[in-house]
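First up is the structure itself, then whatever we jot down about it.
FYI, side chains are in, hydrogens and waters are out, and symmetry mates aren't considered; it's all heavy atoms of this structure.
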Amino acid sequence: MPPASWQTSSILSATRRMCVRSVGFVVAWCLVGHCALWLRVAHAEESRVADTVETGERDGHGLSALDGTIIDSIVVETRNIYNTLEPRYDRWVFRLANSLHYVTRPKIVRRELFFRVGDPFSLELAEEIARNLRTRLALNDAWVAPEILPNGHLLVRVVTVDKWSLLGGVQVQREGNRTSYQFGFQERNLLGLHQYLSFDYFVRELDNSYVEAKFSDRRLWGNPVMLTLQYSNDVLNGIVYSELAHPYYSLSQRWTYYIANLRISQRNDLYHDSIKAASAQERGDILNLGGGYRWGSYRTKFGLQGDYRYVYTHFYNRRVISPADSAYIVYPQDTLYHRLGLTAQYSSYEFTKVSRLNGMRYTEDLTLGFSAGISIGREFTAHFRDYISDGMGVELSYAARWRGHILMTSFDRSINFRESIVRRRGSSFELKYYNLTSSWMTVALRSRYVSETRSDGGNTLALGGVNGLRGYDVYYRTGDRLHVVNSELRFFPNIELLSVILGGATFLDLGKTWERSGLASRYDYAYGLGIRASLEKLSKGELLRIDLARGQSGNWQLSVASHQYF
């Protein structure tokens, strides 16, 4: 056995090499990202001008020419769901919907504004306000419309259009050859205050039924503090969760912090391909505390964030279900530890507006640009007398738009180790591409690779209907490497029935899993077609997806869910 001093020197050397490689990789990625950003500066300016013209056509003024003009007054105009003055909405059903809906209260919109009377008008702030309103509140649309007054000052009109906020009834979801039924309701604009409240009862085909409830308020009693409460007695993923946080409400905000507590009670099923080999019950408590600070220009940020985590998990009722697959059973162990972590991040933001990406007609806000982060952490025993392991991670992402083409990439790699022993190593890479040049069709492509290597040899990755391969069961294949490729043609024939917008899709999925120690398996495939139904006035961004997929076995499988598949 080598002497302890040699072991320590070797570990420190290996750690330094990993740090140097990680930093070098981040620097190289930064250079590539900045080169790409520099090459698209002209187009970025073109996109901003196009967005300005679009907004200007709506309110009758060119916004960029008004920068610096003093704001004389601010008017908040909150509109109901349907404009019944339009012939297509001049019907009793739309008037009834408007009368039953609580319209957003103007004070809810006013607290999201970043300028006051007497301030100079800023196009960037106006765009940020409209973007935040559209993405963070339960609205169908929002915009800022300045008007020039006779004295040369501005009247700034902030307009919001509500969407139907109360959803309920029965929802059927089928993924991976498993069906579940959901009975309940969700109110996303409670009494016009944009608080979220939901209660649901789920009935599953193969597991116990359960209830789930959630409440959230992104500005508790009007203050910049977010409260989230959630409860579920799901036997597979039961939780009691509470969080109090001060998130980033604007790009100019410096500080953020949070405190969250999570109690879990769930069942862990261990699969080998499609065979359920074993299961174990888990109970645990997790406490998270964290805070961060960032600095930089309006669109370029450097940030530091520290966090503390307390984790206790206990496993019991372990049982073997398939003795033939007992060689693949790796039960998790009880744990109790404290973790201290630090993350450094750099971000360069660009923003754009599109349609027909994941929705149909409504405005979709995308955050583009480059982001890189490095995190380190150490886990300690119960009384901080010794450490358990160290962790390091690298995260990179880049997204860009060239006219009607959108490219999104993300990469992350993490390692958990103690001295010279690697406990877990994981990485993932995802690439998405969208072609929006056609007004009636969107081309959508995704490639996703994931790997996870553990010292106990357990396989944690599963390929199936909910993990990238329609037409197959949930745990069709398992392994420690996974690669899926999804492609869709999303069609928009401009068919609307009582504000329900209909569309379609054809798709082809490829995927495989394999083990690092073994030979890579073949790619399995599935193809099919689907129907898309979007109720954008009711649930923007939550369209109904119905897919009929055929795998290599020749059998057809039905998939019913909300949201796009990827």
Inset, instruction - Look at R174 together with E205 and state whether they make a salt bridge at an N to O cut-off of under 4.0 Å. - result: yes
Legend entry - Exercise: identify the closest heavy-atom pair between V450 and L461: O-CD1, 3.5 Å
Inset, instruction - Check for a donor-acceptor pair, side chain of R401 on one end and backbone N or O of K353 on the other, with a separation under 3.5 Å. - result: yes
Inset, instruction - Let me see the working for R299 and E124 under salt bridge (Lys or Arg N to Asp or Glu O under 4.0 Å), right down to the final yes or no. - result: CA-CA 10 Å; R299 292 178 181 267; E124 284 191 322; 3.1 Å; yes
Inset, instruction - Please lay out, stage by stage, how L407 and L431 fare under the test side-chain contact (heavy atoms from CB on, under 4.5 Å). - result: CA-CA 7 Å; L407 180 69; L431 174 68; 3.3 Å; yes
Legend entry - Centroid-centroid distance, F429 to Y449, less than 6.0 Å: no
Legend entry - Presence of salt bridge, E112 and R218, under 4.0 angstrom: yes
Legend entry - Ring-face cation of R219 near Y249 (centre distance under 6.0 Å, axis angle within 45°): yes
Legend entry - Any L133 side-chain heavy atom under 4.5 Å of V158 side chain: yes
Inset, instruction - Say whether, by atom type as modelled, one donor and one acceptor occur between the side chain of Q230 and the main chain of Y241 under 3.5 angstrom. - result: no
Inset, instruction - Might you work through the salt bridge (Lys or Arg N to Asp or Glu O under 4.0 Å) test for K163 and E536, ending with a clear yes or no? - result: CA-CA 8 Å; K163 66 179 178 181; E536 296 179 0; over 6 Å; no
Inset, instruction - List the steps, then state whether side-chain contact (heavy atoms from CB on, under 4.5 Å) holds for N494 with R361. - result: CA-CA 9 Å; N494 200 29; R361 293 180 184 169; 2.6 Å; yes
Inset, instruction - Please report the shortest heavy-atom distance between H194 and N189, naming the atom on each side. - result: N-OD1, 2.8 Å
Legend entry - Shortest non-hydrogen contact between A142 and T160, atoms and distance: CB-CG2, 4.1 Å
Inset, instruction - Report the relative orientation of the aromatic rings in F183 and Y201; use parallel for angles under 30°, tilted for 30 to 60°, perpendicular for over 60°. - result: tilted
Inset, instruction - Take T367 and F351, measure what side-chain contact (heavy atoms from CB on, under 4.5 Å) needs, and give me the verdict at the end. - result: CA-CA 5 Å; T367 300; F351 303 98; 3.7 Å; yes
Legend entry - Test of ring centre spacing under 6.0 Å for H483 and Y523: yes
Legend entry - Lys/Arg cation over aromatic Y196: K214, 6.0 Å, 45° cone: yes
Legend entry - Atom of D217, atom of Q195 and distance for their closest heavy-atom approach: OD2-NE2, 2.8 Å
Inset, instruction - Taking atom OH of Y433 as the centre, report whether more than 12 heavy atoms of other residues, nucleotides or ligands fall under 6.0 Å from it. - result: yes
Legend entry - Flag, side chain of Y271 to backbone of Y476, donor-acceptor distance under 3.5 Å: no
Legend entry - Y565 six-ring face occupied by R470 cation (under 6.0 Å, within 45°): yes
Legend entry - Sidechain-backbone polar pair: T478 side chain, A462 backbone, donor-acceptor under 3.5 Å: no
Inset, instruction - Using a strict 4.0 Å threshold on nitrogen-to-oxygen distance, state whether R95 and D90 make a salt bridge. - result: yes
Inset, instruction - Check for a donor-acceptor pair, side chain of S487 on one end and backbone N or O of L508 on the other, with a separation under 3.5 Å. - result: yes
Inset, instruction - Using a cut-off of 6.0 Å, state whether more than 12 heavy atoms not belonging to K276 lie near its atom NZ. - result: yes
Legend entry - Salt bridge present between D141 and R79 (N-O < 4.0 angstrom): no
Legend entry - Intermediate values then yes/no, side-chain contact (heavy atoms from CB on, under 4.5 Å), Q182 and V170: CA-CA 6 Å; Q182 177 180 347; V170 182; over 6 Å; no
Inset, instruction - For R446 and D509, run salt bridge (Lys or Arg N to Asp or Glu O under 4.0 Å): C-alpha distance rounded to whole Å, both residues' side-chain angles, the deciding distance at 0.1 Å, then the answer. - result: CA-CA 10 Å; R446 179 183 72 164; D509 299 334; over 6 Å; no
Inset, instruction - Tell me yes or no: between the side chains of E128 and Y298, is some donor less than 3.5 Å from an acceptor? - result: yes
Inset, instruction - Could you pull out the closest heavy-atom pair between S371 and Q345, with the gap in Å? - result: OG-NE2, 3.0 Å
Inset, instruction - Evaluate side-chain hydrogen bond (donor to acceptor under 3.5 Å, both in side chains) for T437 paired with N435, printing each intermediate quantity in order. - result: CA-CA 6 Å; T437 55; N435 186 316; 2.6 Å; yes
Legend entry - Exam field: side chain N233 to backbone V211, donor-acceptor pair closer than 3.5 Å: yes
Legend entry - S559/R545 under side-chain hydrogen bond (donor to acceptor under 3.5 Å, both in side chains): CA gap, chis, key distance, verdict: CA-CA 8 Å; S559 171; R545 174 177 60 82; 3.1 Å; yes
Legend entry - Over 12 foreign heavy atoms within 6.0 Å of CZ, R91: no
Legend entry - Pairwise side-chain contact, L244 with L220, heavy-atom cut-off 4.5 Å (strictly under): yes
Legend entry - E77 bridged to R157 by N-O distance under 4.0 Å: yes
Inset, instruction - Answer yes if the side chains of D365 and T135 hold a donor-acceptor pair under 3.5 Å, and no otherwise. - result: no
Inset, instruction - Measure the acute angle between the ring planes of F202 and Y210, then classify it against the limits of 30° and 60° as parallel, tilted or perpendicular. - result: parallel
Legend entry - M360 backbone acceptor or donor facing R356 side chain under 3.5 Å: no
Inset, instruction - Indicate yes or no: at least one non-hydrogen side-chain atom of L469 is less than 4.5 angstrom from one of D524. - result: yes
Inset, instruction - Would you give the length of the straight line joining atom CG of L139 to atom CG of N132, rounded to the nearest 0.5 angstrom? - result: 11.5 Å
Inset, instruction - Walk me through it: do D412 and S428 pass the test side-chain hydrogen bond (donor to acceptor under 3.5 Å, both in side chains)? - result: CA-CA 6 Å; D412 67 79; S428 69; 2.5 Å; yes
Legend entry - Donor-acceptor contact present, side-chain N80 to main-chain Y82, <3.5 Å: no
Inset, instruction - Please report the shortest heavy-atom distance between W164 and A97, naming the atom on each side. - result: CZ3-O, 3.2 Å
Legend entry - Backbone N/O of T506 and side chain of E488: donor-acceptor pair under 3.5 Å: no
Inset, instruction - Please test S180 against Q173 for side-chain hydrogen bond (donor to acceptor under 3.5 Å, both in side chains), starting from the C-alpha separation and ending with a verdict. - result: CA-CA 5 Å; S180 64; Q173 180 165 326; 5.2 Å; no
Legend entry - Working for salt bridge (Lys or Arg N to Asp or Glu O under 4.0 Å), residues R413 and E395: CA-CA 7 Å; R413 183 170 178 82; E395 294 183 358; over 6 Å; no
Inset, instruction - Could you tell me whether the side chain of S562 and the main chain of L544 form a donor-acceptor pair under 3.5 Å? - result: no
For residues 525-532, which side-chain N or O atoms pair as donor and acceptor with protein atoms under 3.5 Å away, sequence neighbours left out?
unit_1: Y527; atom_1: OH; unit_2: R550; atom_2: NH1; d: 3.0
unit_1: R532; atom_1: NE; unit_2: Q564; atom_2: OE1; d: 3.3
unit_1: R532; atom_1: NH1; unit_2: D547; atom_2: OD1; d: 2.8
unit_1: R532; atom_1: NH2; unit_2: D547; atom_2: OD1; d: 3.2

